[in-house]
**Student:** 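My questions all concern the structure below.
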Number of protein chains: 2
Amino acid sequence: MSPDLHATAAARLRDDGQRYTSNRRALVEALDEAEHPLTIPELLARRTAIPQSSAYRNLAVLERAGVVDRLVTTDEFARFELAEDLTEHHHHLICSGCGAVADVAADPRIEELIEQAVTKAATASGFRVDAHRVDLVGRCATCVA
Amino acid sequence: MSPDLHATAAARLRDDGQRYTSNRRALVEALDEAEHPLTIPELLARRTAIPQSSAYRNLAVLERAGVVDRLVTTDEFARFELAEDLTEHHHHLICSGCGAVADVAADPRIEELIEQAVTKAATASGFRVDAHRVDLVGRCATCVA
DNA sequence: CTCAGTGCAAAGGATTTGCATGCCG
DNA sequence: CGGCATGCAAATCCTTTGCACTGAG
């Protein structure tokens, strides 16, 4: 995908005083290959060489450096994806049946409106908005009762 | 607020084969009094009579019956609020500094647009949308760095 | 050498559950 | 009585952490 995805990741880690090691590169690669947020078990299944504790630790580092985002659903596992500015802005379809999370492209026209309406309401109360998240909760094709 | 909040809650529980006990009523009352989603510790602080395990168990029951919604943030605790159709539709301001969650009223005009744009995209992939969630992530007044 | 990164194993902590008891219907 | 609800305590299980070791600079 991004030819300089790894260069960007390395740079952000360097700014945070961290190295871009093979484990971290492997995690970024796995997240880049996936087209939806992955849980730790899913990540480990794709990169078996990485022990669990290293995965948790490195994902925490990558999150602090702004390379990955952690998202928490009602699912039992946290999910990880590449940071928004390294991918396309998108939203999530969260299946309340099986916990699956799929990506859905964002409509720039709507984005604009959300941004405006919502930021205005928030700043009125002294809140500084950094990002918005739009998630659709429902049933995926295989879980429709 | 809702004069028949408790009646509705009782009815929904009954449909699920459950009773509306005093513990459950106390939880619903506490959530109704609060003007933002509460964690379990916060709930217990307001209704000290309820033991932790009962709180968890009853909130799970209330969630299944559609009386409360559970929301998971990056915070360490899950948060609970009354189900959307028992309150006003609203969104959340989530502070990435302290984990606080505040409610913000929804703009019906924007709601409409989100609903349309997003549901169309989702149904295209066989996903049946039940609800949408719009969360603003940022810094609350006391956490702005 | 030095110090961040690694990996194993053990700890932490929110949430869940087993079991005996209480209570509504 | 019958079965849900309760509460205590103990178990679960995702996630974090201590510690000794390895490797890059």
Side-chain angles (χ1 to χ4, degrees), chain A residues 6 9-30 37-45 47-65 67-81 98-101, chain B residues 6-7 9-30 37-45 47-65 67-81 98-99 101:
Chain A
H6 292 300
R12 294 192 183 176
L13 283 171
R14 209 177 309 117
D15 289 349
D16 201 45
Q18 312 277 347
R19 303 185 196 140
Y20 195 44
T21 65
S22 57
N23 269 351
R24 293 173 186 175
R25 169 180 284 263
L27 289 170
V28 169
E29 273 171 3
L38 299 178
T39 63
I40 296 266
E42 286 169 350
L43 271 168
L44 295 184
R47 292 293 189 283
T48 39
I50 306 176
Q52 202 183 48
S53 68
S54 293
Y56 276 107
R57 236 180 317 223
N58 285 323
L59 286 168
V61 170
L62 289 168
E63 188 191 13
R64 258 215 330 281
V67 178
V68 309
D69 285 339
R70 171 190 305 226
L71 35 120
V72 191
T73 64
T74 56
D75 207 0
E76 48 189 337
F77 289 95
R79 287 175 182 274
F80 296 87
E81 62 183 356
C98 63
V101 178
Chain B
H6 292 299
R12 293 193 184 175
L13 283 171
R14 208 177 310 116
D15 289 349
D16 202 44
Q18 312 278 347
R19 302 181 198 146
Y20 195 45
T21 64
S22 58
N23 271 349
R24 293 174 186 175
R25 168 179 284 263
L27 290 170
V28 169
E29 272 171 4
L38 300 179
T39 63
I40 297 265
E42 287 169 349
L43 271 169
L44 295 184
R47 291 294 189 283
T48 40
I50 306 175
Q52 202 182 48
S53 69
S54 292
Y56 276 108
R57 231 177 325 219
N58 285 323
L59 286 168
V61 169
L62 290 168
E63 188 192 12
R64 258 214 331 281
V67 177
V68 309
D69 285 339
R70 169 189 308 223
L71 35 120
V72 191
T73 65
T74 55
D75 206 0
E76 48 188 338
F77 290 95
R79 287 175 181 275
F80 295 86
E81 63 183 357
C98 63
V101 179

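Convention: sequence-line order gives letters A, B, ...; per-chain numbering from 1.
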**Student:** For dC4(D), does OP1 or OP2 lie under 4.0 Å from any side-chain N or O of Gln18(B)?
**Tutor:**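 For dC4(D), OP1/OP2 do not have a side-chain N/O of Gln18(B) under 4.0 Å.
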**Student:** Which atom pair, heavy atoms only, marks the closest approach of Ile50(B) to Ala55(B)?
**Tutor:**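 Scanning both residues, the minimum pair turns out to be CG2-N, 3.9 Å.
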**Student:** Mind checking the CG-CG spacing from Leu43(A) to Leu59(A)? Nearest 0.5 Å is all I need.
**Tutor:**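 Those atoms lie 6.0 Å apart.
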**Student:** Have a look at Arg57(A) and say if it touches a base, only the backbone sugar-phosphate, or nothing, with a 4.0 Å heavy-atom cut-off.
**Tutor:**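 If one applies the 4.0 Å heavy-atom cut-off, Arg57(A) turns out to touch a base.
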**Student:** Do you know which two heavy atoms are closest between Leu38(B) and Ala30(B), and how far apart they sit?
**Tutor:**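 Minimum heavy-atom contact is CD1-O, 3.9 Å.
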**Student:** Measuring to OP1 and OP2 of dT6(D), would you say a side-chain N or O of Asn58(B) lies under 4.0 angstrom away?
**Tutor:**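 Looking at the OP1 and OP2 atoms of dT6(D), one of them is under 4.0 Å from a side-chain N or O of Asn58(B).
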**Student:** Of all heavy-atom pairs between Ala78(A) and Arg70(A), which one has the smallest distance, and what is that distance?
**Tutor:**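 Closest approach of Ala78(A) to Arg70(A), heavy atoms only: CB-CG, 4.3 Å.
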**Student:** For residues His6(A) and Tyr20(A), report the shortest heavy-atom separation together with the two atoms involved.
**Tutor:**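 Shortest heavy-atom separation between His6(A) and Tyr20(A) comes out as ND1-OH, 2.7 Å.
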**Student:** What's the CZ-P distance between Phe80(A) and dC14(D), to the nearest Å?
**Tutor:**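 Result: 14 Å.
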**Student:** When the distance from CG of Leu44(B) to P of dT6(D) is rounded to whole Å, what number comes out?
**Tutor:**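 For the pair Leu44(B) CG and dT6(D) P, the rounded distance is 14 Å.
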**Student:** With a 4.0 Å cut-off on heavy atoms, is Ala60(B) in touch with a base, just the backbone sugar-phosphate, or nothing at all?
**Tutor:**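 Touches nothing.
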**Student:** What's Ser53(A) touching, base or sugar-phosphate or nothing? Going by heavy atoms closer than 4.0 Å.
**Tutor:**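 The residue Ser53(A) makes base contact.
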**Student:** How long is the line joining CG of Leu43(A) and P of dT15(D), in whole Å?
**Tutor:**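 Interatomic distance, CG of Leu43(A) to P of dT15(D): 12 Å.
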**Student:** Please report the distance, rounded to the nearest Å, between CD in Glu76(B) and P in dC13(D).
**Tutor:**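 So the CD-P distance, Glu76(B) to dC13(D), works out to 21 Å.
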**Student:** Grab the CZ-P distance between Phe77(A) and dT16(D) for me, whole Å please.
**Tutor:**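 Computing the Phe77(A):CZ to dT16(D):P distance gives 13 Å.
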**Student:** Give the rounded distance in Å between these two atoms: CZ of Arg24(B) and C1' of dT6(D).
**Tutor:**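 Nearest whole value for this atom pair: 10 Å.
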**Student:** Go through DNA chain C in 5' to 3' direction and return only the first and the last nucleotide with some atom under 4.0 Å of chain A's heavy atoms.
**Tutor:**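 Result: dA4(C) to dA9(C).
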**Student:** Can you tell me the distance, in whole Å, between the CD atom of Gln52(A) and the C1' atom of dT16(D)?
**Tutor:**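 Going from CD in Gln52(A) over to C1' in dT16(D) covers 11 Å.
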**Student:** Within the side chain of Arg24(B), is there an N or O that forms a donor-acceptor pair under 3.5 Å with the backbone of Arg19(B)?
**Tutor:**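 Indeed, once roles are kept as given, a pair shorter than 3.5 Å links the two residues.
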**Student:** Would you mind telling me which residue lines up with the more 5' stretch of DNA chain D, Pro51(B) or Tyr56(A), judged by nearest nucleotide?
**Tutor:**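 Mapping each residue to its closest nucleotide by heavy atoms, the 5'-most match is Pro51(B).
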**Student:** Provide the closest heavy-atom pair for Glu81(B) versus Pro37(B) in the form atom of the first, atom of the second, distance.
**Tutor:**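 Nearest pair, atom of Glu81(B) first, then Pro37(B): OE1-CG, 3.5 Å.
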**Student:** If you check every side-chain atom of Arg19(B), which of dC14(D), dG7(D), dA5(D) has the closest atom?
**Tutor:**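 Nucleotide nearest to Arg19(B)'s side chain: dA5(D).
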**Student:** Nearest-Å distance, CG (Asn23(B)) to P (dC8(D))?
**Tutor:**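 Computing the Asn23(B):CG to dC8(D):P distance gives 11 Å.
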